[in-house]
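Residue numbers count from 1 along this sequence.
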Amino acid sequence: MTEAIKPEPSDPAPHPHATEAEVQAAYDDPKLANVLYHDWEAGTYDEKWSISYDERCITYAVDVFRAAAGVEDTPYETAMELGSGTGFFLLNLMQGGVIKQGSVTDLSPGMVQAALRNAEHLGLDVDGRVADAERLPYDDDSFDLVIGHAVLHHIPDVQAAFREVLRVLKPGGRFVFCGEPTRIGDTYARKLGQLTWWATTNLTKLPALRGWRRPQAELDESSRAAALEAVVDLHTFDPAELERWALGAGAIDVQAVTEEFAGALFGWPVRTFEAAVRDEKLTPQWRLFAYKAWLRLSELDKRVLAKVLPRSVFYNVMIAGTKPPGPVAL
C-alpha cells in the first residue's frame, strides 16, 4: 500500500472548534469562514453528502468528468485537485483510471488531512498542501490536469484562481471543474431546502412524529452551520459568464455544460429532510429508493430536458478548458 504524504510541516493545523469570536469575525472574512466551516465539517463531510469511494461514486465522478471534458483514453500522469475537501473527486477519478498521481489542496487543513487519510486507506499515490486557490504553492507548469468539484463558488476571486490554474498547468494541460451552482438553480434549490427544513422541523414536533425528530441541540447546530454555509457560498454562476472568465484568464477550448434539473428538484428536499430527522429512521430501503429515484430523474435530465430547456436553468454547471501550448496571453 502506498503511504500518503503528510501535509508540509509549515502548513497550519486543523481548527475544528472555533470560538464564538472567531465565528463572528468569519462573517466579514470569507476565507476565514471557509477554513472554520470546512475544518468543522471535515470529520463528518463524507457521511453528510453520502460520499463514498466505491463503484457508485467512482462511476459518478468519471461520468461528470467526461460530461465536462469529453471522453479521453489516456490517463493523466499528474493532477491537482483545487479545494479537494475530503478528496471525493480526485480519489474516485484515480480509482476510475483517469489520473495516475494526485495532489490535494484545500484552504482547510482539516479537509487536507481527511483527504490524505482517505488516499492512504485506498492505497493511492497522493500528496497534499494547505493552499489558497488564488496563490497556489506550486511551480509553473507542474500538472497535466487541474480539477475541482464544488469549489469555485467558495473562492473570492474566481478569475485570479483561473489564472493560477493556468500557471501551474503544463502547456496543453487541461482543467475541469464540476458541481458549481448556477444562478437560477441555486435560487430554487435554496427555497426548496428552506421549505423542507421548516416543514420537517415543525411536523416532527407533533406527538406522533416526535420519534423522528433530531435532538434540539443537533438541529440548532445544523442551523448555525447553514448560517455559516451562506457565508462560504460566495458565488452562483451564469454558464456564459463563467466561460468568459476562463477565456479572459488565457484559456482556450473553453466550454461550460450544465446538468440536474429534475434531479435537483428532488435531491435538495431529500437531502434537507435527511438532515432534519434521526439517522436510524433512514433505513437502507429509504436510501436505496432515494438514490434510484435521483438516478432516474438524472437520466430524464440528460435524455430529455437537456434538449429542450436552456442550460441556465439547470442546477450544476461544469467547465473545462486548456492551457495554450505556448505562453498564456493575458
ask   = Salt-bridged, Arg271 to Glu274, with N to O below 4.0 Å?
value = no

ask   = With a 4.0 Å cut-off, would you call Arg174 and Asp253 a salt bridge?
value =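 Here Arg174 does not pair with Asp253 in a salt bridge, since their nearest N and O are not under 4.0 Å apart.
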
Which heavy atom in [X] sits nearest to a heavy atom in [Y], and how many Å separate them?
| X | Y | value |
| --- | --- | --- |
| Gly83 | Asp106 | C-OD2, 3.3 Å |
| Ala320 | Val176 | CB-CG2, 4.1 Å |
| Pro325 | Pro171 | O-CB, 3.3 Å |
| Ala256 | Pro239 | CB-O, 3.8 Å |
| Arg56 | Ile51 | NH2-C, 4.3 Å |

key: Residues Tyr60 and Ser52: side-chain donor-acceptor under 3.5 angstrom   = no

query = Does Glu280 CD have over 12 foreign heavy atoms under 6.0 Å away?
reply = yes

request  = Return yes when atom CG of Asp279 has more than 12 non-hydrogen atoms of other residues, nucleotides or ligands closer than 6.0 Å, and no otherwise.
outcome  = yes

Under 4.5 Å between any side-chain heavy atoms of [X] and [Y], yes or no?
| X | Y | value |
| --- | --- | --- |
| Asn118 | His121 | no |
| Leu234 | His154 | no |
| Thr201 | Arg213 | yes |
| Lys292 | Arg296 | yes |
| Pro156 | Asp132 | no |
| Phe65 | Leu145 | yes |
| Tyr291 | Val270 | no |

inquiry  = Is it the case that the side chain of Asp301 and the backbone of Gly263 share a donor-acceptor pair, with hydrogens and angles ignored and the cut-off at 3.5 Å?
reply    = yes

ask   = Between Arg167 and Tyr138, is there a donor-acceptor pair closer than 3.5 Å when you use the side chain of the first and the backbone of the second?
value = yes

query = How would you list, by chain and number, every residue that makes a salt bridge (Lys or Arg N to Asp or Glu O under 4.0 Å) with Arg311, sequence neighbours excluded?
reply =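 So Arg311 forms a salt bridge (Lys or Arg N to Asp or Glu O under 4.0 Å) with Glu243.
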
ask   = Residues two or more places apart in sequence or in another chain: which of them pass salt bridge (Lys or Arg N to Asp or Glu O under 4.0 Å) with Lys191?
value = none

query = Run the side-chain contact (heavy atoms from CB on, under 4.5 Å) check on Phe175 and Leu166 step by step: do they pass?
reply = CA-CA 8 Å; Phe175 65 80; Leu166 291 171; 4.2 Å; yes

task = Applying ring pair (Phe, Tyr, Trp, His ring centres under 6.0 Å), name anything that partners Trp286, two or more places apart in sequence or on another chain.
result =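 Partners of Trp286 by the ring pair (Phe, Tyr, Trp, His ring centres under 6.0 Å) criterion, ordered by chain and then number, come out as Phe273, Phe289.
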
message = Run the side-chain contact (heavy atoms from CB on, under 4.5 Å) test on Trp212 and Leu203 for me, step by step, so that the C-alpha distance in whole Å, both residues' side-chain angles and the decisive distance to 0.1 Å come before the verdict.
response = CA-CA 10 Å; Trp212 285 74; Leu203 287 172; over 6 Å; no

Measure the [atom1]-[atom2] distance between [X] and [Y] for me, rounded to the nearest 0.5 Å.
| X | Y | atom1 | atom2 | result |
| --- | --- | --- | --- | --- |
| His153 | Thr182 | NE2 | OG1 | 12.0 Å |
| Leu136 | Leu82 | CG | CG | 6.0 Å |
| Asp63 | Cys57 | CG | SG | 11.5 Å |
| Glu164 | Ile155 | CD | CD1 | 10.5 Å |
| His38 | Leu107 | NE2 | CG | 9.5 Å |
| Asp238 | Trp245 | CG | CH2 | 9.5 Å |

request  = Begin with the C-alpha distance, continue with both residues' side-chain angles, and end with the deciding distance and a verdict on salt bridge (Lys or Arg N to Asp or Glu O under 4.0 Å) for Asp144 and Lys170.
outcome  = CA-CA 6 Å; Asp144 299 296; Lys170 297 176 183 178; 3.6 Å; yes

query = Do Tyr76 and Phe143 make the cut of ring centroids closer than 6.0 angstrom?
reply = no

note = Between Tyr188 and the options Phe314, Trp268, Phe261, the ring pair (Phe, Tyr, Trp, His ring centres under 6.0 Å) test singles out Phe261

